[in-house]
Number of protein chains: 2
Amino acid sequence: MTDGTPKTVGIKQIAAAAGISIGTVDRALHNRPGVNPKTRSRVLKIAEKLGYRPNLAARSLKLNRRLRIVAHLPRQIASFFDPLREGVREAAAAIRGVTVDVTFRTYPHLGDGDLKLLEEDLERDYDGILMTPGNPSQVESAIRRFTERGTAVVCVASDAPRSSRLASVSVDAAISGSIAAELLGTVLHSEGTVATITGDLNTFDHGEKLRGFAATLATMAPHLTLISTIETHDSPKEAYRATLALLKRNPSPAGIYVSTANSIPVLRALEENGMCGRVQLITTDLFAELIPSIESGAILATLYQRPFTQGKLAFETLCRFLVDGVQLEPVTRLAPHIILRSNLPLFLERLPAGLEMG
Amino acid sequence: MTDGTPKTVGIKQIAAAAGISIGTVDRALHNRPGVNPKTRSRVLKIAEKLGYRPNLAARSLKLNRRLRIVAHLPRQIASFFDPLREGVREAAAAIRGVTVDVTFRTYPHLGDGDLKLLEEDLERDYDGILMTPGNPSQVESAIRRFTERGTAVVCVASDAPRSSRLASVSVDAAISGSIAAELLGTVLHSEGTVATITGDLNTFDHGEKLRGFAATLATMAPHLTLISTIETHDSPKEAYRATLALLKRNPSPAGIYVSTANSIPVLRALEENGMCGRVQLITTDLFAELIPSIESGAILATLYQRPFTQGKLAFETLCRFLVDGVQLEPVTRLAPHIILRSNLPLFLERLPAGLEMG
DNA sequence: ATAATTATCGGTAACGTACCCGGAAAGTTA
DNA sequence: TAACTTTCCGGGTACGTTACCGATAATTAT
């Protein structure tokens with residue numbers, strides 16, 4: 001309410017108001033030893049009254065903090081991890097008041113080569129690390145060694161819940177599966193069979209997705225029967241072959257949930273058998289090759305895992321902790337976006353050029 | 001690769017390497033006048049070679065910028081604007097390197113009292129203003145006066161496209177309507193009639209929503225006929241009464257799209273007539289009172305306009321411009337979230353306590 | 001009692017940058 | 001050549017904070 005002097009109130013103003021020196025105010029504010037308890041409380045009270053807000057720029061200048069952050073991300077599913085990287089970059093570019101150096105390191109695909117990178121970066125003294133645990137149980141000990149030496153670890157896209165990571169950002173995999181089941185159950189009115197096509201049940205939460213799918217199918221769509229679960233191991237040929245095999249065993253499924261980004265071969269196999277309009281399809285992740293199938297109505301819905309947002313959020317969480325020491329939500333579960341024909345245009349901006357799949 | 005000396009390379013190191021003074025380096029790096037072109041290019045080359053990265057902490061300390069930002073938001077639709085305010089607050093708290101003072105000002109409801117607030121704040125010299133244009137054409141001249149005196153204006157939740165605002169953040173209203181139409185068209189297989197219930201066709205993009213709804217209904221769901229459009233003017237009694245009248249005229253609509261947050265009275269009217277399970281409902285915005293109806297399946301889908309994200313994004317856009325001078329996307333159209341029974345839990349975190357409606 | 005130790009506080013350099021001021025060098029005019 | 005203008009550059013100060021070194025007062029040991 002005192003709007004007369006909108007001056008900056010710093011440590012110096014507090015010192016003047018209390019009639020003591022700057023050094024003492026600093027000690028009092030930071031619980032450093034060597035200050036009379038009475039003086040300390042008096043300083044805190046005055047700081048409160050004056051509305052003291054520390055100048056973070058000055059602080060990090062004096063401390064000369066230079067955050068070194070490294071991101072370990074696979075090259076494999078480019079349609080997902082490229083936008084994620086972009087999200088990290090954009091968040092890093094928006095940082096002010098402290099210098100951050102972000103290093104990007106890559107390895108072939110999830111669960112292959114990430115451990116070697118972790119070993120290597122244990123030597124270098126990074127302040128924070130961003131990573132996607134391919135096989136959570138395998139990286140737990142590595143994460144512990146990082147956190148013990150003071151390096152904060154944030155998991156993105158996938159989680160290692162039993163590890164000592166600072167935080168985790170990802171979409172909720174189980175709910176992704178549930179959404180797929182609910183959509184199929186709502187659109188399909190009569191009895192029928194559904195199948196799922198997944199990547200690798202051990203990695204990237206595919207297991208969670210299928211659990212959620214099966215559970216919701218049972219409760220919200222009892223008229224649909226889950227007949228088959230296919231693993232493609234992120235191989236296009238395998239996905240194509242497996243889809244053909246599925247159609248052989250079951251010529252007319254009512255719906256298919258593709259929980260991996262590897263959906264193009266599935267579409268091709270369906271198309272060649274004239275099934276494209278006759279089966280309700282739910283796919284995962286967005287990339288250029290998928291657009292025609294969404295626009296034509298061949299795909300009922302696409303569950304978009306928002307890689308850009310994930311990268312941005314993970315980086316912000318890490319920085320917020322390293323710089324200000326505040327710990328945001330330790331576990332953030334984003335809602336996947338449900339892409340339909342009508343809202344597709346809104347997602348075509350930061351679209352990755354193409355899907356590069358091993 | 002030169003990992004021998006990971007020292008901080010600053011303006012001083014460049015000066016030493018070039019054998020000139022710090023001041024000259026500063027002038028050269030910032031295109032300030034009074035530098036010999038040859039010296040300038042030499043400095044730039046050395047800076048490039050040494051990998052100079054300006055110390056942002058030192059810069060913002062020296063400049064000691066203090067941003068004064070004001071947000072004009074209505075009290076009315078609390079389920080929407082309270083989370084939006086929270087988003088602004090969180091984004092403001094995450095700002096570093098520059099002190100920002102955010103003032104929140106409120107007025108009764110959209111289109112009432114906002115002009116008076118704008119007039120008042122023309123006197124005070126704010127650096128930026130966040131606002132929701134109730135009636136876009138009315139605020140255009142006020143926005144122009146702000147921008148002419150150097151105050152950046154960002155529109156949030158609604159837009160004034162023909163004004164001189166710096167940027168605009170909102171959900172895509174037309175696509176919101178399209179989503180509603182597509183969902184109804186996909187779920188309803190046989191011929192039938194649908195109705196829409198809106199707030200005020202003049203404000204808050206309700207007109208856009210209905211245009212999108214009607215257009216998509218015609219192309220993607222020709223078996224459905226739009227029979228009626230009701231304006232509730234954000235009054236619960238009117239919404240209740242109008243819904244009853246609708247049922248009187250048309251006892252059994254197949255679907256209803258409620259494009260305003262004012263959906264509780266509609267639900268009550270439907271329930272009292274035993275229509276709850278028999279009509280497919282699509283509502284707008286999320287608040288506590290709506291949860292049971294979503295969980296029970298009485299509502300097919302809820303279009304969530306992500307107020308928290310809108311506030312956060314709008315503030316970030318404004319700050320990014322005021323601090324760094326970079327202009328992000330002038331117009332950001334967020335995708336509304338489609339809330340179903342299965343993904344509802346993900347949206348219950350930052351939920352506003354209750355819906356306060358006129 | 002004095003000396004030694006501790007508790008409490010004041011003073012100040014430095015972090016890297018931006019900007020102002022004055023001086024030197026070069027060019028221009030009388 | 002002298003006086004002046006223009007161009008270019010070096011030196012210095014200040015931003016708010018932290019960390020360190022002394023200085024003084026209070027307490028304890030001898």
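By convention in this document, chain letters (A, B, ...) are assigned in the order of the sequence lines, proteins followed by strands, and residues within each chain are numbered from 1. Values in this document were obtained by computation on a predicted structure and should not be read as measured data.
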Could you state the atom-to-atom distance from [atom1] of [X] to [atom2] of [N] in whole Å?
X: I11(A); N: dG11(C); atom1: CD1; atom2: C1'; value: 14 Å
X: K12(B); N: dA18(C); atom1: NZ; atom2: P; value: 14 Å
X: Y52(B); N: dG16(C); atom1: OH; atom2: P; value: 11 Å
X: N36(A); N: dT6(C); atom1: CG; atom2: C1'; value: 13 Å

Quick check on contacts: within residues 55-63 of chain B, what sits under 4.0 Å from DNA chain C by heavy-atom distance?
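Close to the strand are N55(B), A58(B), R59(B), K62(B), L63(B).
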Short of 4.0 Å, heavy atom to strand atom, which residues of residues 16-26 of chain A count as contacting DNA chain D?
I22(A), D26(A)
For residues 40-47 of chain A, which residues have at least one heavy atom under 4.0 Å from DNA chain D?
none
With sugar-phosphate meaning primed atoms plus P, OP1 and OP2, does [X] contact a base, only sugar-phosphate, or nothing at under 4.0 Å between heavy atoms?
X: R27(A); result: base
X: P54(A); result: sugar-phosphate
X: G10(B); result: sugar-phosphate

Sequence neighbours excluded, every pair satisfying salt bridge (Lys or Arg N to Asp or Glu O under 4.0 Å) that has a member inside residues 14-27 of chain A:
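Every salt bridge (Lys or Arg N to Asp or Glu O under 4.0 Å) pair that includes a residue of residues 14-27 of chain A, provided the two are not neighbours, is D26(A)-R32(A).
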Quick check on the helix from dA1(C)-dT30(D) to dA30(C)-dT1(D): what's the angle between its two end axes, five base pairs per end, to the nearest 10°?
50°
Taking heavy atoms of chain A and a 4.0 Å limit, find me the 5'-most and 3'-most nucleotide of DNA chain D within that range.
dG16(D) to dC20(D)
Atom pair CG (L29(A)) and OH (Y52(A)), whose distance is rounded to the nearest 0.5 Å
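Atom-to-atom, L29(A):CG and Y52(A):OH are 5.5 Å apart.
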Heavy-atom count check: over 12 atoms from other residues, nucleotides or ligands less than 6.0 Å from E48(B) CD?
no
